Amino acid sequence: MTIARSRLAAISALLLVATSVAPALGQDADGAQLFADNCAACHNDGGTGNPGLAPPLNRPAFWDALGDKAPDYLAGVLASGLTGKITVDGEMYVGLIMPAQTALSEQEAATVANWVLHEAGRDAPDEALPKVTPDLIAKTFAAPPAAHDLLAMRPKG
């Protein structure tokens with residue numbers, strides 16, 4: 001009985017530790033950390049971009065220009081990825097291949113998208129733009145948009 005009790009205690013302790021680290025694994029992680037863990041390998045720290053590989057995301061003017069369409073655009077890019085040719089700040093990205101980020105949970109995807117939209121490249125969070133919600137992510141992950149539809153949403157210039 002003593003061995004069984006000690007095993008039970010050990011299993012209970014492991015479960016307690018596992019549930020206490022869930023936020024560190026992304027359940028309630030903040031957007032900056034989720035970005036660092038999932039996006040920075042291509043888009044660099046803070047979303048500054050990687051010339052020739054991945055465009056900068058820390059561009060408040062771009063997100064402001066998208067306005068009310070920004071959440072749909074971000075959800076679409078996370079759901080579908082993005083391929084094709086785009087020009088950002090005068091630099092052309094040809095053969096752009098961003099994979100879909102559907103391994104993220106709906107909450108994680110919404111959190112990282114809101115960080116990009118409301119905080120990356122801004123002196124202070126912008127509360128004027130609409131939020132990306134987990135419900136929007138779920139809807140978009142269920143029916144991802146086509147790449148040409150995402151490219152058509154991008155502001156010209």
Side-chain angles (χ1 to χ4, degrees), residues 18-157:
T19 57
S20 69
V21 297
L25 298 176
Q27 185 177 12
D28 293 315
D30 72 340
Q33 186 61 54
L34 283 167
F35 187 90
D37 293 345
N38 297 283
C39 312
C42 294
H43 291 283
N44 280 335
D45 292 336
T48 59
N50 194 343
L53 174 66
L57 300 178
N58 64 343
R59 301 175 56 237
F62 174 78
W63 303 115
D64 293 343
L66 274 169
D68 289 344
K69 291 191 249 174
D72 292 322
Y73 178 80
L74 278 165
V77 170
L78 290 171
S80 299
L82 190 62
T83 59
K85 176 176 77 172
I86 62 172
T87 301
V88 177
D89 297 335
E91 180 164 353
M92 187 176 292
Y93 293 82
V94 179
L96 175 71
I97 301 174
M98 180 185 153
Q101 300 299 306
T102 54
L104 295 172
S105 72
E106 293 158 3
Q107 181 61 54
E108 290 169 331
T111 299
V112 75
N114 281 315
W115 181 80
V116 168
L117 181 60
H118 294 274
E119 297 186 45
R122 297 185 189 271
D123 293 330
D126 181 350
E127 297 303 323
L129 291 170
K131 299 276 192 217
V132 179
T133 65
D135 288 342
L136 174 61
I137 295 291
K139 178 180 128 193
T140 310
F141 277 16
H148 66 272
D149 292 330
L150 291 169
L151 292 172
M153 290 176 77
R154 296 179 62 83
K156 305 299 178 228

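Numbers here simply count residues along the sequence, with the first being 1. Given the structure is predicted, the values throughout are model-derived calculations rather than measurements.
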Residues Tyr93 and Val88: closest non-hydrogen pair is CE1-CB, 4.0 Å
Tightest non-hydrogen contact, residues Tyr73 and Leu82, listed as OH-CD2, 3.7 Å
I'd like to check Arg154 versus Ile86 (side-chain heavy atoms, cut-off strictly below 4.5 Å). Are they in contact?
yes
request  = Check whether any side-chain heavy atom of Leu150 lies under 4.5 Å from a side-chain heavy atom of Val77, and answer yes or no.
outcome  = yes
State whether a side-chain donor-acceptor pair under 3.5 Å links Thr87 with Glu91.
-> no
Taken to the nearest 0.5 Å, the spacing of Thr83 OG1 from Leu151 CG works out to 7.0 Å
In this structure, CG of Asn38 is separated from CD of Gln33 (nearest 0.5 Å) by 9.5 Å
Heavy-atom nearest pair, Ala120 first then Gly46, reads CB-O, 4.2 Å
Between the NE2 atom in His118 and the NZ atom in Lys131, the distance rounded to the nearest 0.5 Å is 4.0 Å
For Ala79 and Phe141 the tightest heavy-atom approach is CB-CD1, 3.4 Å
So NE2 of His43 and CG of Leu53: to nearest 0.5 Å the spacing works out to 8.0 Å
| query | salt bridge (charged side-chain N to carboxylate O under 4.0 Å, His left out) between Arg122 and Asp64: does it pass, once the steps are laid out? | reply | CA-CA 11 Å; Arg122 297 185 189 271; Asp64 293 343; 2.9 Å; yes
Rounded to the nearest 0.5 Å, the CD atom of Gln101 sits from the CG atom of Leu104 at a distance of 6.0 Å
- Query: Should Pro56 and Thr48 count as side-chain neighbours, where that means a heavy-atom distance under 4.5 Å?
  - Reply: no
Note to self: If you define the side chain from C-beta out and look only at heavy atoms, does anything of Cys39 sit under 4.5 Å from Val112?
What the structure shows: yes
- Within 6.0 angstrom of Asp45 CG, more than 12 heavy atoms from elsewhere: no
Heavy atoms of Ala41 and Asn50 approach each other most closely as O-ND2, 4.5 Å
**Message:** Between Asp72 and Leu136, does the side chain to side chain contact (heavy atoms under 4.5 Å, CB included) criterion hold? Intermediate values first, please.
**Reply:** CA-CA 8 Å; Asp72 292 322; Leu136 174 61; 3.4 Å; yes
### Task
Using a 4.5 Å cut-off on heavy atoms from C-beta on, say whether the side chain of Leu74 contacts that of Val116.
yes
### Message
Is it the case that atom NZ in Lys139 sees more than 12 heavy atoms from other parts of the structure closer than 6.0 Å?
### Response
no
Taking every heavy atom of Pro130 against every heavy atom of Leu117, the minimum-distance pair comes out as O-CD2, 3.2 Å
One should read off an interatomic distance between Leu34 CG and Asn114 CG, to the nearest 0.5 angstrom, of 11.5 Å
